[in-house]
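The first residue of the sequence shown is numbered 1, and numbering continues consecutively from there.
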Amino acid sequence: QVQLVESGGGLVQAGGSQRLSCAASGRTFSNYYMGWFRQAPGKEREFVTAISWSTGSTLTTDSVKGRFTISRDNAKNTVYLQMNSLKPEDTAVYYCAAKRPTALRVIPTRGYDYWGQGTQVTVSS
């Protein structure tokens, strides 16, 4: 049973930083892609960033590039999202997701197989 558990959300002031964690369990994730998505009130869920667990390659959406960084700790089976220079428009529920390996060696932005429960990030102005 794959389980993804996010933590680290909360209230932060604009310009501040926050780190989210996603603890993965239930199988070996060494060939998986791990992603972070977010959903703001009244909007669709959107891709934020993702990492290849095996190679460490990353892909990040333009709106957060240079401010958000995804990383992984193999020993802890945990993926992190470091968020800096936060803006009120970053306010959303942030979800961790995992995708099984595919034949295409590109980091996917959709079609993830497993999801966490989400953690709220609120950025005040």
Side-chain angles (χ1 to χ4, degrees):
Q1 182 81 7
V2 173
Q3 192 170 19
L4 305 175
V5 180
E6 303 102 333
S7 60
L11 177 65
V12 62
Q13 286 191 331
S17 298
Q18 201 158 34
R19 189 177 79 160
L20 305 182
S21 300
C22 173
S25 63
R27 67 157 302 116
T28 300
F29 292 91
S30 56
N31 291 322
Y32 274 50
Y33 297 101
M34 302 297 295
W36 286 97
F37 292 73
R38 67 184 181 184
Q39 187 167 19
K43 295 187 177 180
E44 293 186 353
R45 186 164 56 190
E46 65 173 351
F47 171 82
V48 177
T49 185
I51 188 168
S52 166
W53 203 297
S54 58
T55 68
S57 298
T58 63
L59 178 68
T60 302
T61 195
D62 287 345
S63 62
V64 305
K65 197 170 291 183
R67 299 189 297 122
F68 289 15
T69 303
I70 188 171
S71 62
R72 77 212 190 287
D73 184 326
N74 291 343
K76 296 182 179 179
N77 240 25
T78 299
V79 176
Y80 302 99
L81 180 63
Q82 178 65 44
M83 305 183 292
N84 299 327
S85 302
L86 282 161
K87 305 175 181 180
E89 51 263 44
D90 295 319
T91 294
V93 177
Y94 284 72
Y95 297 90
C96 175
K99 182 168 176 60
R100 291 187 289 264
T102 66
L104 298 176
R105 296 189 177 183
V106 293
I107 297 176
T109 61
R110 61 180 64 188
Y112 279 67
D113 302 298
Y114 305 101
W115 294 85
Q117 82 285 355
T119 185
Q120 176 72 46
V121 173
T122 302
V123 184
S124 63
S125 56

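- Among all heavy-atom pairs drawn from S85 and S17, the shortest one is N-OG, 4.4 Å.
- Taken from CD in Q3 to CD in Q117, the straight-line distance is 8.5 Å, to the nearest 0.5 Å.
- Ion pairing of D90 with K87 is absent here, as no side-chain N (NZ or NE/NH1/NH2) approaches a carboxylate O to less than 4.0 Å.
- Closest heavy-atom contact between Q39 and K43: NE2-O, 3.1 Å.
- Members clustered with V2: L4, V12, L20, F29, Y32, M34, W36, V48, I51, W53, V64, F68, I70, V79, L81, M83, L86, Y94, Y114, V121, V123, by chain and number, using a 4.5 Å side-chain heavy-atom cutoff among hydrophobic residues.
- Between the side chains of T78 and D73, no donor N or O sits under 3.5 Å from an acceptor N or O.
- Note that OG of S30 is 10.5 Å distant from CZ of R72, once rounded to the nearest 0.5 Å.
- The other members of the hydrophobic cluster of F47, by chain and number, are Y33, F37, L59, V93, Y95, I107, Y112, W115 (side-chain heavy atoms under 4.5 Å, ILVMFWY only).
- Side-chain atoms of S52 and S54 include a donor-acceptor pair closer than 3.5 Å.
- The CG atom of L11 lies 8.0 Å from the CD atom of Q13; values are rounded to the nearest 0.5 Å.
- Checked by atom type and distance alone, the side chain of T91 never pairs as donor or acceptor with a backbone atom of T122 at under 3.5 Å.
- Atom OG1 in T49 sits 11.0 Å away from atom CZ in R38 (nearest 0.5 Å).
- Of the possible polar contacts, one joining the D113 side chain to the R100 backbone as a donor-acceptor pair under 3.5 Å is found.
- With Q82 contributing its side chain and R19 its backbone, the two residues share no donor-acceptor pair below 3.5 Å.
- Separating the CZ atom in R67 from the CG atom in N84 is a distance of 9.0 Å, to the nearest 0.5 Å.
- A donor-acceptor pair under 3.5 Å is formed between the side chain of T55 and the backbone N or O of S57.
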